[in-house]
Number of protein chains: 2
Amino acid sequence: MPSSVRYSGCMVAESRPRRRTGGRSAVVLTSIRKAVEELIAERGSEGVTIPMVAERARVNHSSIYRRWGDARTMINDLATYRLDPDRGLPDTGDLRADLTAWTQELISHYSIPVNAALLRGGAAAAGESESDCLRDRQAEAAGFAARPGSTFTGDEVIDRVVAPIIYRAIFLPWTLPEVDARTYVDELCHRSA
Amino acid sequence: MPSSVRYSGCMVAESRPRRRTGGRSAVVLTSIRKAVEELIAERGSEGVTIPMVAERARVNHSSIYRRWGDARTMINDLATYRLDPDRGLPDTGDLRADLTAWTQELISHYSIPVNAALLRGGAAAAGESESDCLRDRQAEAAGFAARPGSTFTGDEVIDRVVAPIIYRAIFLPWTLPEVDARTYVDELCHRSA
DNA sequence: ACTATAACGCACAGAACTTGGCATTAAGCC
DNA sequence: GGCTTAATGCCAAGTTCTGTGCGTTATAGT
């Protein structure tokens with residue numbers, strides 16, 4: 001979990017300065033995350049400023065500036081790890097069923113307004129450098145494509161399953177709860193079957 | 001072209017105060033548009049401020065504040081009309097060929113970094129209110145679905161053609177020039193053939 | 001429990017952004 | 001051409017954001 005946190009700019013290789021991730025820091029982080037998610041749901045991904053977050057989180061703004069530097073980086077970082085990359089993927093042996101479950105998980109996740117708003121913030125920061133809040137999702141897609149019995153590529157999972165969901169989450173959020181996971185997965189599998 | 005321009009807030013119905021769209025105003029608008037596109041390509045959709053645009057466009061910043069109010073609104077407005085809605089769609093009688101041409105047009109358009117960056121800015125502002133910089137694209141998709149001989153719905157055009165392109169334009173821009181318009185269109189048509 | 005120091009809070013200064021009043025220019029319409 | 005007034009330019013606060021030095025707190029490791 002490197003994220004794009006700045007903090008102590010130790011670039012000399014000698015024994016990294018062992019970060020402090022527990023206790024107070026964890027409380028502060030949780031508090032900030034909550035504030036960001038509330039604000040982003042209220043005001044959209046832009047329009048969220050660091051002083052604003054600091055006030056709601058009851059944290060000093062300098063803590064936020066030191067940790068992320070700017071609002072864009074902060075939002076993108078929080079958006080990236082909103083869906084735990086270590087949560088474990090469905091793996092029952094039935095690839096199509098697993099893929100359908102995963103797809104449904106995506107749909108449910110982005111149907112929640114907060115997550116969709118965070119995604120929009122990530123979209124705004126995408127394209128430049130290493131900021132891609134969907135990289136975990138893309139890795140998961142590639143993982144499914146690599147499983148035995150797969151008849152599709154990772155790119156096809158992106159195009160046929162991930163893209164429609166993300167597109168709707170961003171631009172047509174009210175249509176997302178209506179879409180059917182199975183439809184997407186069936187087409188993905190049919191194509192090459 | 002209602003856009004979300006503010007200007008004279010005349011809400012009483014009596015004869016609207018006839019806007020001035022030509023001459024100097026047009027020059028100013030063109031200059032602003034150019035500046036926004038340059039800046040957004042350089043610095044991303046966020047990180048573009050109104051004073052910044054004003055300076056590069058050699059326009060007074062108060063003119064921009066009065067016209068749009070804030071950077072988000074401005075960017076979304078400019079992004080919406082980047083692809084002229086009145087440009088005319090291909091219509092040779094061969095639906096599949098027309099659709100392929102349109103798809104290729106989309107791919108080419110969003111392969112240009114400026115347009116992709118504007119799209120990201122639009123994505124950031126999406127979801128709230130009436131701001132959707134892709135509404136024209138969605139209308140065009142529905143138009144194709146409504147043509148005689150069509151075997152698909154507008155939603156299917158969105159899911160199978162538009163979504164993959166937009167997804168890649170936003171999150172995987174370097175992969176966009178590689179995608180093939182025909183592949184998307186073929187799958188859209190095959191499905192229900 | 002003890003030590004070193006990562007991370008935080010506080011305060012202040014400098015920069016940047018917003019906003020409105022007022023004067024000037026010129027687009028739209030006879 | 002002459003009139004009305006939309007739109008711009010200029011300026012001057014007022015507000016908010018950004019960034020840094022310094023002292024304090026309490027986490028990670030022994």
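Each chain gets a letter, A, B and so on, in the order the sequences are listed, and its residues count up from 1. Please read these numbers as outputs of a predicted model, since none were measured by experiment.
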TODO: Check every atom of dG9(D), dA7(C), dG28(C) against the side chain of Arg24(B) and return the nucleotide holding the closest atom.
DONE: dG9(D)
TODO: Assess whether salt bridge (charged side-chain N to carboxylate O under 4.0 Å, His left out) is satisfied between Arg87(B) and Glu140(B), documenting all intermediate values.
DONE: CA-CA 11 Å; Arg87(B) 70 191 183 285; Glu140(B) 289 165 8; 2.8 Å; yes
Task: Polar side chain donor-acceptor pair, Asp70(B) to Thr73(B), under 3.5 angstrom - done: yes
What is the distance, to the nearest angstrom, from the [atom1] atom on [X] to the [atom2] atom on [N]?
X: Arg20(B); N: dA6(D); atom1: CZ; atom2: P; result: 7 Å
X: Arg19(B); N: dC29(C); atom1: CZ; atom2: P; result: 13 Å
X: Glu55(B); N: dG9(D); atom1: CD; atom2: C1'; result: 16 Å
X: Leu29(A); N: dT27(D); atom1: CG; atom2: P; result: 15 Å
X: Ile64(A); N: dC10(C); atom1: CD1; atom2: P; result: 13 Å
X: Trp68(A); N: dT18(D); atom1: CH2; atom2: P; result: 15 Å

Open item on the list: Checking Gln138(A) now: which residues fulfil side-chain contact (heavy atoms from CB on, under 4.5 Å) with it, not counting sequence neighbours?
Closed with: Asp132(A), Leu134(A), Ile158(A), Tyr167(B), Phe171(B), Leu172(B)
For the side chain of [X] and the backbone of [Y], is there at least one donor-acceptor N/O pair under 3.5 Å apart?
X: Arg72(B); Y: Ala125(B); value: no
X: Ser150(A); Y: Ala146(A); value: no
X: Ser111(B); Y: Ile107(B); value: yes

Task: Cationic N near anionic O, under 4.0 Å, Glu42(B) to Arg56(B) - done: yes
Phosphate OP1/OP2 of [N]: any [X] side-chain N/O under 4.0 Å:
X: Arg67(B); N: dT8(D); value: yes
X: Ser63(A); N: dA7(C); value: no
X: Ser25(A); N: dA7(C); value: no

- [ ] Tell me which of Arg58(A) and Gly23(B) sits closer to the 5' end of DNA chain C, going by the nucleotide each one is nearest to.
- [x] Arg58(A)
Task: Nucleotide-resolved protein contact map, nucleotides 14-21 of chain C, B/S/- at heavy-atom distance under 4.0 Å - done: ---SBBBB
